[in-house]
Amino acid sequence: MKITMSTPSTAIARPSVIQLAIKEKSALYAAYIPIFTDGGLFVPTTRDYQLGDSVYVLISLPDDNQRYPVAGRVAWVTPAKAAGNRTQGVGIQFPNDEKSQALKLKIEDILGTHLTSDRSTQTI
C-alpha cells in the first residue's frame, strides 16, 4: 500500500530583489519619501506590485561605493499612465530597524537643505 501526502500550496512568495543605483543628488531628492516615518524611496519599475508586497532593495547612493540592503514593503504605487506624467513605480517603505534608520539619516545628510525644497518629486 502506497500512501502519499500532499501539502496545501501555501508557499510564501520570496520578495523580489531590485537594484537601485542613484547617481545624482537631484535623483535622490526626487526619489526620497520623507513622509514615511522610517524613510523610503521611490523605485521606478514597470513590474506590477501590490501595497504590502515585500521587496528587497540594494541601494547605491551618490558618491558612495557601498550598497545598502533594505528589506522593505511597498507602501506607494504609481501606476502606468499616472496623472502629471509621473513615472511608473513603487514607494518602498524602510523597516523600523537600526540599519534603515542609519540609511535614512545618511540620505537626509546627503540632501541637506534640499529636504525643504518645493521642487517636485516622484512622490508627494
Side-chain angles (χ1 to χ4, degrees):
M1 174 185 216
K2 183 177 179 184
I3 299 175
T4 58
M5 298 178 73
S6 65
T7 56
S9 179
T10 58
I12 297 172
R14 294 173 61 176
S16 62
V17 177
I18 299 173
Q19 293 190 40
L20 179 64
I22 301 174
K23 299 184 188 299
E24 298 171 353
K25 189 186 289 190
S26 60
L28 180 60
Y29 171 80
Y32 184 58
I33 307 175
I35 62 169
F36 292 164
T37 303
D38 299 310
L41 287 171
F42 178 82
V43 178
T45 181
T46 56
R47 183 171 173 181
D48 287 328
Y49 287 96
Q50 302 297 316
L51 292 175
D53 284 353
S54 294
V55 181
Y56 189 79
V57 186
L58 293 170
I59 302 166
S60 299
L61 298 174
D63 302 321
D64 188 346
N65 292 331
Q66 185 173 346
R67 289 177 17 168
Y68 300 90
V70 174
R73 293 210 174 273
V74 174
W76 176 290
V77 176
T78 302
K81 300 178 185 172
N85 288 331
R86 295 218 179 260
T87 302
Q88 181 179 359
V90 292
I92 306 299
Q93 183 175 21
F94 297 168
N96 183 2
D97 61 26
E98 288 182 25
K99 286 183 180 181
S100 296
Q101 185 62 32
L103 177 58
K104 176 184 177 188
L105 293 175
K106 180 157 187 67
I107 290 170
E108 291 179 352
D109 185 51
I110 291 169
L111 292 176
T113 58
H114 294 295
L115 281 171
T116 57
S117 174
D118 58 357
R119 288 185 304 153
S120 64
T121 67
Q122 295 295 338
T123 61
I124 292 179

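As the structure is a computational prediction, the values presented were derived from the model and not from experiment.
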Exercise. Are any side-chain N or O atoms of K104 and backbone N or O atoms of T37, one a donor and one an acceptor, separated by less than 3.5 Å?
Worked result: yes
Exercise. Which pair of heavy atoms, one from D38 and one from P95, lies closest together, and at what distance?
Worked result: CB-O, 3.8 Å
Exercise. Passes side-chain contact (heavy atoms from CB on, under 4.5 Å), L41 versus F94? Steps please.
Worked result: CA-CA 8 Å; L41 287 171; F94 297 168; 3.9 Å; yes
Exercise. Any side-chain heavy atom of L20 sitting closer than 4.5 Å to one from P44?
Worked result: yes
Problem set entry | G72 to I92 - nearest heavy-atom pair and separation | CA-CG2, 3.9 Å
Problem set entry | More than 12 heavy atoms from other groups under 6.0 Å of CD on Q50 | no
For this session: Can you measure from CZ (F42) to OG1 (T78) and round to the nearest 0.5 angstrom?
Result: 4.5 Å
Seminar exercise, completed: When every non-hydrogen atom of G40 is compared with those of Y32, the smallest separation belongs to O-CD1, 3.3 Å
Problem set entry | Minimum-distance pair of heavy atoms, taken over all atoms of L28 and I22 | N-CG2, 3.4 Å
For this session: Indicate yes or no: at least one non-hydrogen side-chain atom of K106 is less than 4.5 angstrom from one of D64.
Result: yes
Exercise. Would you say the side-chain atoms of R67 pair up with the backbone N or O of S60, donor to acceptor, closer than 3.5 Å?
Worked result: no
Exercise. Side chains of Y68 and I107: does their closest heavy-atom pair fall under 4.5 Å?
Worked result: no
For this session: Would you check if P62 and K23 make a side-chain contact, meaning some heavy-atom pair closer than 4.5 Å?
Result: no
Exercise. Quick one: OG1 on T45 to CD on Q88, what's the gap to the nearest 0.5 Å?
Worked result: 7.0 Å
Exercise. Heavy-atom distance under 4.5 Å between the side chains of V90 and V55, does that happen here?
Worked result: no
Problem set entry | Close side-chain approach of D63 to I110, heavy-atom, < 4.5 Å | no
Exercise. Same cluster for L51 and V70 if Ile/Leu/Val/Met/Phe/Trp/Tyr side chains link at under 4.5 Å?
Worked result: yes
